[in-house]
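First up is the structure itself, then whatever we jot down about it.
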Amino acid sequence: MYCLWCDQEIISSVNWGNLMLPPRSLTLCEECEGKLERITGSRCEKCSRKSAEQICSDCQWWSTQKREVLAKNHSIYVYNAFMKEIIAKWKYRGDYVLKKVFEEAFLEAFRKEFGKYKDTVLVPIPLSDARLAERGFNQAEALARQLPIQSKNLLTRTDSEKQSKKSRKQRIAGKNPFIMTETLNKPAILVDDIYTTGTTLRHAAELLRQNGCPKVSSYTLIRG
Amino acid sequence: MIVPQHRQKEMDLAKLFAGKLLLRHEIPLSEAHFSQALKQEIFRTVSPFSKKHFTLQCNRCGNTAKHLLPRYPCSRCGKAHRYCRKCIAMGRVSTCSMLYEWADQTPHWPIYVNPCSWKGTLTDAQQHAADRIATAIQAEEKELLSWAVCGAGKTEMLFPAITIALQQGKRICLATPRADVVRELKPRIQQAFEEVTVQALYGGSNDKTGSAQLILSTTHQLLRFKQAFHVMIIDEVDAFPYHADPSLSFATKRAVKPSGTTIYLTATPRKQQLKRLRKNNLPHIFVPRRFHGYPLPVPKTKQVINLKRQLKSKQLPKAFLKWLLTREKTQRQILIFVPTINLADHLQKPLTNFLLENNVIQTKQQASAVHASDAEREEKVKAYRNRELFVLVTTTILERGVTFPSVDVVILDAGHQVFDQAAIVQIAGRAGRSPDDPHGEVLLFHDGKTDAMVEAAASIRDMNRRGGFV
Ligand SMILES: [Zn+2]
Ligand SMILES: [Zn+2]
Ligand SMILES: [Zn+2]
């Protein structure tokens, strides 16, 4: 087996701790694994950001805005330098198999956090047609597919994802970049790779709520 | 020669595209123009993978490792496509995306009468090697290894060869595994060939068109070339990552025309090259003398008990401190090699304090540490070159490609595996580079002599012997 990041051969060792466990398929070598940073300790109850306060300043600000449409967000990893490199190679270069790096953690945390939600639908955040044609796959969809409940592509993107070049104010004031042609009468969990300002997810949530969805949460790999 | 305007344009396109192996998005033509060009057979498709026996091979980088050839589900056509992870940093090669090459006529490169603007002179040893390299190019020999000791002045030795190639209207590539060497060579080569267009290609270079007659490139960037060059000169063939990454030699070989000439340059040939030399199936020229005519400094070894433990607890060995205060020539700068980034960071402070206390430096800004992931790497090397820095602790990133005129060199923990024979010879080669100070001390602190240390010293002595020094 080879590390998916540095391509070093991984030699998994058997010790007293893992002797009785089924062999884990390792995706990263110990050194690379160590560079991933999980969100631990106290975090914001609403958005998963590392925070001493129960509700972080970001989320307090959101609560002063018009109707809050996103019930909560859960994320697993911190957006550190190493994660930025992995995401860039996975998403922008199109190195599809890097999704395996997060597979186990993404499933495990989902069971813990959302396991009790029955009859819920996963809705991956879509890419624009141009972006999808370029990369050949949508990373949010790839993430959603790893989870044990049904996933539906209910949203279509109409803008060109130049989000990162806009200021926060522009992004929030901007018009909704998604359209939805169906209705959904079940709770939904939006799936994406990263929660940055929460604007994109709230645009999607707003649309779902307008089309019959009683409750919208989000599950993202990273809290940026 | 008067060329009609539309012919002129076609020739420019030929210069831009001929000799390349490109993905669709690397060809800046509209969909309509491109499909027209395919129909007219101006471009032709190259399958992204080929099958040899039962192994699949990426046609851009030569990768055959199965675990680096996985599949992804394509949303465009609903199929699962094989793609290459090995060369994905240069754009993804997959069964859903063809590679393209120029199929129209090959470009004509200008013939220069007197392209070399360098006014210097070569030493006899340099001239001898330069003539041999030039002959190889003129006679279109397949390959030649130039083995020149550190400080022989190998770049200048290439000028006559490049001159001959340009006089024959040939296209030339000077490739090296390392981007910083490409950056350093660019102004020197451009100055030596003022009227020739020279382009430098490396990850992060502004101009990646690669349409010039004389190209300087990292070996990595050659993944985009195919049968482009009449002359390929590979500098530092034995350096990382070239010698360890088969895709780079694959790309380099493919970038040369079938009738082309490849010149390998090295100061420290690897075992496989030495083997070919001994078997006489790799023609070579040996340059055993430095350009200033003095021998190579031979490293001295000093054993320190518990060296690793001392260094780990940020303690500098006594023998090393004693040497710092009793050097032969106190005006020489000090270059200290350590095996790891951690150690470079850890030792900086205690070393600086000791040097300040003993007046070796006057301010703490005169000592620093540098390593590969240091954001200020280029600035620090520049400051050291300007003598604003007097003492520099470094990892092996400065083992080659950089020249400082007057330094003493130390390796702390020379027995560490990163210091193989080639690395030690290269590091020793940093000393005594200037005719004003052709000597320099080279000290290896270790806690047990390794084969690499012994072999390095033996090969340096051997090179000196071959250079006529006893
Ligand atoms: Zn790794
Ligand atoms: Zn929050
Ligand atoms: Zn490849």
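Below, read A as the first sequence line, B as the second, and so on, with proteins coming before strands; counting in each chain starts at 1. Bear in mind that the values here come from a model prediction, so they are computed numbers and not experimental data.
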Exercise for review: Would you please name every residue forming a side-chain contact (heavy atoms from CB on, under 4.5 Å) with A/A105, sequence neighbours left out?
Suggested key: A/R38, A/Y77

For residues 217-224 of chain A, dump all side-chain donor-acceptor pairs below 3.5 Å to protein atoms at least two apart in sequence or in another chain.
| unit_1 | atom_1 | unit_2 | atom_2 | d |
| --- | --- | --- | --- | --- |
| A/S218 | OG | A/N73 | OD1 | 2.8 |
| A/Y219 | OH | A/F106 | O | 2.6 |
| A/Y219 | OH | A/F110 | N | 3.2 |
| A/T220 | OG1 | A/N73 | OD1 | 3.0 |
| A/T220 | OG1 | A/S75 | OG | 2.7 |
| A/R223 | NE | A/C47 | O | 3.4 |
| A/R223 | NH1 | A/T196 | O | 3.1 |
| A/R223 | NH2 | A/D58 | OD2 | 3.4 |

Point to revise | Heavy-atom neighbours of A/Y79 OH exceed 12 at 6.0 Å | key: yes

Check your understanding: In chain order, what residues pass the side-chain hydrogen bond (donor to acceptor under 3.5 Å, both in side chains) check against A/D192, with sequence neighbours excluded?
Key -> none

Can you list the donor-acceptor atom pairs spanning chain A and chain B that come in under 3.5 angstrom?
| unit_1 | atom_1 | unit_2 | atom_2 | d |
| --- | --- | --- | --- | --- |
| A/L4 | O | B/R85 | NH1 | 3.4 |
| A/L4 | O | B/R85 | NH2 | 2.8 |
| A/D7 | OD1 | B/H67 | NE2 | 2.7 |
| A/R93 | NH1 | B/A89 | O | 3.4 |
| A/G94 | O | B/R92 | NH1 | 2.8 |
| A/D95 | OD1 | B/Y83 | OH | 2.6 |
| A/D95 | OD1 | B/R85 | NE | 2.9 |
| A/D95 | OD2 | B/R85 | NE | 3.0 |
| A/D95 | OD2 | B/R85 | NH2 | 2.9 |
| A/Y96 | N | B/Y83 | OH | 2.9 |
| A/V97 | N | B/Y83 | OH | 3.0 |
| A/A133 | O | B/R76 | NH2 | 3.4 |
| A/R135 | O | B/R92 | NH1 | 3.0 |
| A/R135 | O | B/R92 | NH2 | 2.5 |
| A/G136 | O | B/S75 | N | 2.8 |
| A/G136 | O | B/S75 | OG | 3.0 |

